Amino acid sequence: MREYILTLTEPGQLLSGVSFGLASLLVMVASCAAVLGVIALNGMFLVWWERKVSAHMQARLGPMTTGYWHGWLQSIADGIKLLLKETIVPLLVDKPLFMLAPVVIFGSAFMAFVPIPWGEHLIVADLNIGVLYITAITSLSVIGVVMAGWASNNKWSLYGGMRSAAQIVSYEIPVGLAMVPALMASGTLSMQGIVESQAGGFWHWNLFAGGPFTLIAFVVFFIASLAEVNRAPFDLPEAESELVSGFHTEYSGMCFAFFFLAEYSEMFVVSAIASVLYLGGWQCPLGLSLIPGPLLFLAKILFLVFIQLWFRWTFPRLRVDQLMHLAWKVLTPIGFVNVFGAALWLVLI
Amino acid sequence: MVPQLLFLLLSVIALLGAGMLLLRRDPIDGALALVMTMVALAGLYLQLVAPVIAALQVIVYAGAIMVLFLFVTMFVRRSEEHGPLHRNRPVFGVALLVAALLFGLLANVALRADLSSAAAAGSSADLRAIAEQIFSADLFPFELVSVLLLVAMVGVVVLARRGEES
C-alpha cells in the first residue's frame, strides 16, 4: 500500500507533486468510494436477480414493467423509494442502540471487502492475515443483529436477535474448520497469496488439492456460510411467517435499506471468500489469460450467489433444533475429519 | 502525531466501555459496552503491530464470548427487573477490597515489565512465529490448557444433565 502510494506521487504519475499524507488520504477515500459503489451496485442487481430467479422458479415472470426490459429499473425505483421514505423510530425503543445497529451491520459488511483480491494488482489492501481479518470482521455483524433485536423492544425482534446469536456462534466453527484445508494447501493467510498459489488451470485449484477432503470442505463451507449470512434455508432470524421479519421488523426507510444492503453484500462476500479459497479467485479455469481476472472472479462469485438463490427457492426453512443438529452433530465432525484427512493427503500424496 | 492520536482515541473508547460496563444498570447495555472495550483493545494490538492477536481478540472475545453473554442475558432476563444495586456494606467492602488488590497486582506487573523488549518482540510475531512457539517450545503447557478446558466442558455437561433428571 505504502509503495503504491509512493509510486503514485512520483513525477509524471496521477498524483505527482502531492504530499504523501494527502495522497494516502485520497487513495483511502477512493478505495472507500469503490467499495461503496460495488456494494450499492451489487445490492441493486441482486434484488432484481433474486426476484427474477424466484419468479421463474415459481413459473411467474417477476417485475416486468419498470424500465420496459424485464423490469431492470425496478431496484433503482425501489432504492429511490427507500431513500425518500421517513425513518420511523418507535417511541419505546432504546434509541442509541436502535440507530447504531444498522451502522454496525453495514460497517462489518463494508469492511469485509478490504482484503478481497479482484485481480493481480486490484485489491484494497493485501493483509497478511487476510482470512483471519475477514472472519473477525464478519463475526462482528451478529453484534449488530443482537443490538437491533434488543433495542427494538419487540418480541419478534428479540427472538430474531437471539436465534441469530445462537446460529452464528454455532456456524462459525464449521466455517472456520472448512477454511483450514484450503489454507493448508496454499500455506498462507493472505487472500492474494491464496489466489496466486492456485495459478495455472482448474486442476491446480484448492478444490482438488486435497483429494476428496477439500471437495467436502468446500461443500461444508458453502452450507455453513449460508447460515452465517442468514440465508434460506437458515433464515430463522428473519423468518417472515413466524417472526414477521425478525430483528429488522421495526426498521423503516434508509435504516432498513442498510440491513438489506448488508445482507446482499454479505452474500457476495461469502461467495467471494469461497471462490478465493477453493475456486482460484481471479485465475482462469484453463490457465489462459484471455479474459480479464476481475471478470472471471465476478463470474465465479455470481455463480455461487445463484446457487444461494436456487437454494432459497428450493429448500424449506429448518427448525431451530434441526439447525443446531446440523451445525454440531453433522458439519463440525465432518470439518474435523476433513482437516486431518486433508493434512494427511497433502503430506503423503 | 497520528499514532498518538489513535492511541488516545482507542484508550478513551476502551476506558469508556469499561466504565459503562460498571455503571449501566441494564446488563445488555453493560455487555455491549464490553464489546466496545474489546474492539478498542484489538485496535491497540494493531498499533503494537500484532495483527494476529488483534484478529483473534475480535473473533474470540467480541464475536463469540460476548455474543454468548448477550444470548444468555437475553434468555434469563426478567422484564422490569434490573436487579438492585448491592449497597449492603459487607459485600460492597469485599468487592472494593478485591478490586483494589487486583488493581495493585496489575499495576505492579505493568510497572515492572520491560515494555521496550516486548514491543520489539511483538513486531516480528506473525502467525508462523506464534505457531512455532505454541507447537514446539510451549507444547506441553498448551496441551495442558486444552485438557483443562475439556475437563471444564465435560463438567458443565454433567452438571446441566444432573439438573435435568431431578
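The structure displayed is predicted, hence computed values, not measured ones. In what follows, every heavy atom counts, from backbone to side chain, and hydrogens, waters and symmetry copies are set aside.
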Enquirer: Is chain B contacted by the side chain of Val142(A), its backbone, both, or neither, given a heavy-atom distance below 4.5 Å?
Expert: side chain
Enquirer: Let me know if Leu189(A) has heavy atoms under 4.5 Å from chain B in its side chain, its backbone, both or neither.
Expert: side chain
Enquirer: Using modelled atom types and a 3.5 Å cut-off, is there a donor and acceptor pairing between side-chain atoms of Tyr133(A) and backbone atoms of Met111(A)?
Expert: yes
Enquirer: Count the heavy atoms belonging to other residues, nucleotides or ligands that lie under 6.0 Å from CZ of Phe69(B), then report whether that count exceeds 12.
Expert: no
Enquirer: Are the side chains of Val58(B) and Ile137(A) in touch, meaning some heavy atoms are under 4.5 Å apart?
Expert: no
Enquirer: Within the 4.5 Å heavy-atom criterion, are Val229(A) and Val269(A) side-chain neighbours or not?
Expert: no
Enquirer: What part of Val60(B) is in contact with chain A, defined as an atom under 4.5 angstrom from a non-hydrogen atom: side chain, backbone, both or neither?
Expert: neither
Enquirer: Taking Ala151(A), Ala136(A), Ser139(A), Ala165(A) one by one, which has the highest count of heavy-atom pairs under 4.5 Å against chain B?
Expert: Ala136(A)
Enquirer: Considering only heavy atoms, which portion of Ile129(A) lies under 4.5 Å from any heavy atom of chain B: side chain, backbone, both, or neither?
Expert: side chain
Enquirer: When only pairs under 4.5 Å are counted, which of Ile143(A), Leu140(A), Ile168(A) shares the most heavy-atom pairs with chain B?
Expert: Ile143(A)
Enquirer: Please tell me if the side chains of Ile105(A) and Val145(A) come closer than 4.5 Å, counting only heavy atoms from C-beta onward.
Expert: yes
